[in-house]
Participant: 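This is the structure I have questions about; it appears just below.
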Amino acid sequence: MAADSKFILDLTTVLGTSAVGGYLANRLRQPVLLGYLASGLIVGPYGLKWLSDVETVNALAAIGVAFLLFALGVEFSIAELKRVKDIALKGSLLQIGGTIGLVALCSSILGWVESIPQAIFLGAILSLSSTAVVLKTLTERGETNTLHGQVMLAILIVQDLALGLMLAILPALSEPENLLFSLFAAILKATVFFSFAFALGKWVIPGLIRNIAQTESGELFLLSTIALCLGVALITAKLGLSIEMGAFVAGLMISEIDYADQALSKILPLRDTFASVFFASIGMLIDPQALLENFGTILGLVVMVMLGKAIVILPIVLKFGYSFKTAVIASLGLNQIGEFSFVLALVAQKAGFLTQEKYLLLLGTTAITLVLTPIGLKWSPKIADWLGQQPLLSGYLNRFRSVQEISVPETLRDRVVVAGYGRVGQVVVNILRDRGYPVLVIENSEAAIKKLRQEGIPYIFGDGDSELVLEKAHLELAKALAIALPDPASTRLLLKRALEFAPQLDVVARSHENSEIDLLTQLGAWEVVQPEFEAALEMGAHMLATLGENPDAIGEMVQTLRKNRYSRVRSDAIVEVRPKDLTEITQELNNEWIAIKSTSPLIDKTLAEADIRNLTGVTVMAIRRGDSVRYYPSATTQLQADDTVLVVGEPEEIAAFHDLTSGRCVIGEGYNRWMTLTEESPLVGLQRGDLESEYDVILQALRRQGKLYRQVEESVKFLAEDCLLLSGIRDRVEGVEKLAQH
């Protein structure tokens, strides 16, 4: 009984401290597995020494690894892999091979390894990236369905699949004198096992699982799933292959049957529980003293690993025809060491390929790269844009930023531009085409482009938030823009840039979360649609009609709710804006806090009266007044002396706002209006002085190819597709607008 009590105490200690460590890591916005590692370090033999039976904990950790790989096998989807199969298969193999080759070369030159097999094993360990951390970060940022998200997840899927092969083949390197024979035997053994498992998965397992499911016993289904996972894992162990590979294959055996989701849902709690024990057991092996003594070396390894993997991944992604920005985001998102590298590292240590000292260095390096991954993904778009603007690189990089494929009609006038051709975008396009309206689609998925080609729909292949793509789309000639992108960050950036090309453009945008409704409206969208609320409105309208309500009254109510941004049906009512959230959002755009001095001509004007977006292009996101901050201020908000406003916009737009607040830019009296010049307009070829004297209006600003010009020289002649901001008496401005669109 005493032994049982010790086991229960040890298990409770591991699980309890892992829960605390995971919670603290989550609150610090770090991967929870780092909390598990830290908890293991604290209670382990190098920490407080609270555990009396580390071997038993390690046995439970092995079950955790088995469940991790089993769940990975169940989640593996051939259909998802096919969507980006080229970069997934060829690109991943190039990435794994390139990383192994680079690591083997560098480690051999620097003397970190004593043999080629050791170098290969080390390269294999470093070639894997973290599926858990990358997927969690992409999910939190709403980027799992973006192009760079698909590229990263495709590479990660093949990396995880390659882990099974590595676990089967790499241990054979421990016998260098019989290397070829050992490799051949390992490959043959793995091939026979995979073939046998495939046959079972196709003809035996589905029927067995179906019969068990028909009992409608949740306990029996769970026990059968566990038995399948651990049973196949033990078979591979008996064959001399790894338990981990067996668990992964067990998952694959049921991944394509109807009950795969049910099996996964049953096993996930066990996976998460025992996985925390696994990562805690890894933490128990960490010697803090050794880490402190080698901290400089670890930091150097972090730089080398993250920079080296990024250098390997970047050209591979570019090679497969993706944009430079996508390649940078993918390379900075996949340049960490993955959690499954721990599995390989343990195998390497048991096989004598890793010493305890090198193992500890690898653990420290891995932990730091995992911490830096969310930061790298967050800043990667900015880094890509910055690199693209460097004089020495821009000429070379522009070839990767250009529009990859374009199929547009001869005239783009009065078309509706739809950004994104996923489920939402396809419905929008079909509705417009059924009513006879011309459309132009912006899409960066090759699968979607194939559909557009087959249906004869005009398209541009490229990133919707790319300035080059928007320039090709000629938004200044468009009737409206519908943004149906799956990525919140790209949606915000596209909305801002679209209004730079066409300030008066009617834009409707899809919101992904409640908090984005106010944000996108503030940035200039005429209407923001939240799919969940729209579904609720339709259900509510149907119920009211069933209860006998007047159809006109129902329609009026629905329109009122939409006009008020769903405010009466939102659980958050007026959304509580967290300063940190707004700060993170505005980091994607140029932003600045600007003080309104007591001498500013904006004092006592409402935002509507000041017409700030029209006159400068910036958007006011918040106003700080004393100790309080008003987020997403309405058009009726009045500016006061000593207010500080947060604005977002391009550098020249923010500079224009500085001029406006200081009085260097005169606020146009009366009516302000942006207008686009057509090729036939009599205004084409005129100069500023001619326009102002002949039509008695004032030219406040000019936009040409999305760039804002506040000071327009007299010698500059107006061109077709220029956007002019004119102010003056309403009738005169509207008269000029008719000439502009002649």
Side-chain angles (χ1 to χ4, degrees), residues 381-382 385-386 388-389 465-468 470-471 475-476 481 489-505 507 509 519-526 582-583 585-597 600-602 605 607-624 632-633 635 637 639 643-668 672-676 688 698-713 716 721-727:
K382 286 261 185 189
D385 291 338
W386 179 81
Q389 294 169 2
D465 59 4
S466 165
E467 290 177 307
L468 291 174
L470 294 179
E471 184 179 336
L475 294 177
E476 64 278 359
L481 168 65
S490 294
T491 297
R492 295 190 287 266
L493 193 56
L494 169 54
L495 174 58
K496 185 69 184 70
R497 286 178 172 170
L499 294 176
E500 291 167 9
F501 280 92
Q504 297 294 116
L505 186 63
V507 183
L519 172 65
L520 295 174
T521 303
Q522 194 73 14
L523 284 173
W526 287 33
L582 186 59
T583 301
I585 290 167
T586 53
Q587 280 179 349
E588 300 161 1
L589 307 164
N590 294 297
N591 68 90
E592 187 176 337
W593 284 95
I594 299 174
I596 306 296
K597 298 181 180 178
S600 173
L602 298 181
K605 286 185 178 290
L607 293 181
E609 292 169 342
D611 206 12
I612 291 172
R613 181 184 287 120
N614 256 341
L615 292 171
T616 66
V618 302
T619 298
V620 177
M621 304 300 295
I623 300 177
R624 182 186 296 132
Y632 308 141
T637 303
L639 294 170
D643 281 351
T644 306
V645 298
L646 174 63
V647 296
V648 297
E650 295 301 312
E652 62 269 18
E653 294 173 338
I654 294 177
F657 182 70
H658 275 288
D659 291 342
L660 189 64
T661 59
S662 64
R664 290 192 295 270
C665 166
V666 179
I667 300 176
N672 296 310
R673 181 72 177 176
W674 282 99
M675 57 196 67
T676 302
R688 174 178 180 171
I698 297 174
L699 178 65
Q700 294 284 354
L702 178 146
R703 281 192 182 275
R704 181 170 289 171
Q705 295 181 338
K707 297 296 182 183
L708 176 70
Y709 299 92
R710 291 292 314 172
Q711 303 298 326
V712 182
E713 298 179 2
V716 173
E721 299 180 10
D722 278 352
C723 293
L724 310 181
L725 175 61
L726 301 183
S727 64

Participant: Atom CD1 in Ile623, atom CD1 in Ile596: separation rounded to 0.5 Å?
Facilitator: 8.0 Å

Participant: Measuring only between side-chain heavy atoms, which start at C-beta, is Arg613 closer than 4.5 Å to Thr619?
Facilitator: yes

Participant: Measuring from Ile698:CD1 to Leu726:CG, what's the distance to the nearest 0.5 Å?
Facilitator: 9.5 Å

Participant: For Trp593 and Thr644, which heavy atoms make the closest approach, and how far apart are they?
Facilitator: CZ3-O, 3.5 Å

Participant: Please identify each residue that fulfils salt bridge (charged side-chain N to carboxylate O under 4.0 Å, His left out) with Glu653, with sequence neighbours left out.
Facilitator: Lys496, Arg703

Participant: On a heavy-atom basis, which atom in Ala610 and which in Leu602 lie closest, and how many Å separate them?
Facilitator: CB-CD2, 3.8 Å

Participant: With the side chain counted from C-beta on, respond yes when Val648 and Leu523 share a heavy-atom pair under 4.5 Å apart, and no when they do not.
Facilitator: yes

Participant: In a check of side-chain contact (heavy atoms from CB on, under 4.5 Å) between Leu702 and each of Leu708, Leu725, Leu724, which one passes?
Facilitator: Leu724

Participant: Do Val647 and Ile612 come close enough that some side-chain heavy atom pair is under 4.5 Å?
Facilitator: no

Participant: Between Asn614 and Gln504, is there a side-chain heavy-atom distance shorter than 4.5 Å?
Facilitator: yes

Participant: From Leu519 CG over to Leu495 CG, what is the distance, rounded to the nearest 0.5 angstrom?
Facilitator: 8.5 Å

Participant: Quick one: CG on Leu615 to CD on Gln700, what's the gap to the nearest 0.5 Å?
Facilitator: 5.5 Å

Participant: List the steps, then state whether side-chain hydrogen bond (donor to acceptor under 3.5 Å, both in side chains) holds for Asp611 with Asn672.
Facilitator: CA-CA 8 Å; Asp611 206 12; Asn672 296 310; 3.1 Å; yes

Participant: Going from CZ on Arg492 to CG on Asp465, what distance comes out if it is rounded to the nearest 0.5 angstrom?
Facilitator: 11.0 Å

Participant: If every non-hydrogen atom of Leu470 is compared with every non-hydrogen atom of Ala498, which pair is closest and at what distance?
Facilitator: CD1-N, 4.2 Å

Participant: Please report the shortest heavy-atom distance between Gly524 and Leu499, naming the atom on each side.
Facilitator: CA-CD1, 3.7 Å

Participant: Atom CE of Met621 and atom CG of Leu646: how far apart are they, to the nearest 0.5 Å?
Facilitator: 7.0 Å

Participant: Quick one: closest heavy-atom pair of Pro633 and Val620, and the distance?
Facilitator: CG-CG1, 3.9 Å

Participant: Kindly say whether Val712 contributes a backbone atom to a donor-acceptor pair with the side chain of Arg688 at under 3.5 angstrom?
Facilitator: yes

Participant: Determine, stepwise, if the pair Val645 / Phe657 fulfils side chain to side chain contact (heavy atoms under 4.5 Å, CB included).
Facilitator: CA-CA 11 Å; Val645 298; Phe657 182 70; 3.7 Å; yes

